[in-house]
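Accompanying notes for the structure given below.
In this chain, numbering begins with 1 at the start of the sequence shown.
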Amino acid sequence: MPAVYAIEKIWPNIKNIYGITILISIFTTAISLGISLLKNTSKNNKNYNTIAILICITSIIFSKIGFSNLVNLLYPILGGLGLLQIIQIIKRK
C-alpha cells in the first residue's frame, strides 16, 4: 500500500499500526456497502440470503483479479458510460 510506504518513510515506528488501520477501514467500508446493497435489493429474507451469498462469491472472484487490474478494466468502461450519460443529459435539454 503506497500510504503505508509513505508513513514508513516519515514515521517508521507506526507503520504497522497505520497499515492495520487502513485494512480495518477497507473492511468496514466493504461491509457497509454490502449491507446497503442487500437492504436496497432484497425484498424478503430469502432474497436477502441469496444476494448475500452472491456478493460473497463475486467478492472472492474479484479479489483474485487484483485492484490495479480491476481499475485498468473498469476505468475505461465507466468513463465511456459517463460520456453516454452526459450525451443523454445534453439531448434532453
Side-chain angles (χ1 to χ4, degrees):
M1 289 185 276
V4 175
Y5 178 77
I7 289 297
E8 180 182 24
K9 297 300 178 191
I10 299 169
W11 296 299
N13 296 337
I14 66 165
K15 175 184 86 162
N16 292 333
I17 295 170
Y18 191 74
I20 291 169
T21 304
I22 289 177
L23 288 175
I24 290 170
S25 66
I26 291 169
F27 185 69
T28 56
T29 301
I31 289 174
S32 66
L33 290 173
I35 289 173
S36 67
L37 177 67
L38 284 170
K39 297 250 184 220
N40 289 323
T41 57
S42 63
K43 301 293 183 212
N44 57 34
N45 195 23
K46 184 179 179 196
N47 282 345
Y48 188 88
N49 292 335
T50 304
I51 293 171
I53 291 169
L54 287 173
I55 288 174
C56 290
I57 291 170
T58 55
S59 298
I60 292 169
I61 292 169
F62 283 126
S63 71
K64 302 294 182 193
I65 295 172
F67 182 75
S68 61
N69 292 332
L70 281 174
V71 170
N72 288 335
L73 173 69
L74 295 177
Y75 191 76
I77 294 170
L78 294 175
L81 291 173
L83 286 174
L84 288 174
Q85 187 177 17
I86 290 171
I87 290 169
Q88 289 295 325
I89 290 170
I90 291 172
K91 280 183 178 180
R92 290 184 187 221
K93 282 190 170 188

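- Within 6.0 Å of CZ in F62 there are 12 or fewer heavy atoms belonging to other residues, nucleotides or ligands.
- For Q88, the CD atom is densely surrounded, since the number of other residues' heavy atoms within 6.0 Å is greater than 12.
- The CZ atom of F27 lies 14.5 Å from the CD1 atom of I20; values are rounded to the nearest 0.5 Å.
- Summarising the geometry, atom CG belonging to L78 is positioned 9.0 Å from atom CG belonging to L73; distances are rounded to the nearest 0.5 Å.
- I14 and I10 fall within a single hydrophobic cluster, where Ile, Leu, Val, Met, Phe, Trp and Tyr are joined by side-chain heavy atoms under 4.5 Å apart, directly or via other members.
- Interatomic distance, CG of L74 versus CG of N69, reported as 10.5 Å (0.5 Å rounding).
- Here the closest heavy-atom approach between residue L38 and residue A52 is recorded as CD2-N, 3.3 Å.
- Rounded to the nearest 0.5 angstrom, Q85 CD and I90 CD1 are separated by 11.0 Å.
- Atom CD1 of I24 and atom OG1 of T28 lie 8.0 Å apart (nearest 0.5 Å).
- In the hydrophobic cluster analysis, where Ile, Leu, Val, Met, Phe, Trp and Tyr join through side-chain heavy atoms closer than 4.5 angstrom, I51 is grouped together with Y48.
- Residues L84 and I77 share a single hydrophobic cluster, defined by chaining ILVMFWY side chains whose heavy atoms lie under 4.5 Å apart.
- Between L37 and I55, the closest side-chain pair of non-hydrogen atoms falls below 4.5 Å.
- Proximity of K91 to I87: side-chain heavy atoms (C-beta onward) are separated by under 4.5 Å at one or more points.
- Residues I26 and I22 are in side-chain contact: their nearest non-hydrogen atoms beyond the backbone lie under 4.5 Å apart.
- Taking CG from L81 and CD1 from I86, the interatomic distance works out to 11.5 Å, rounded to the nearest 0.5 Å.
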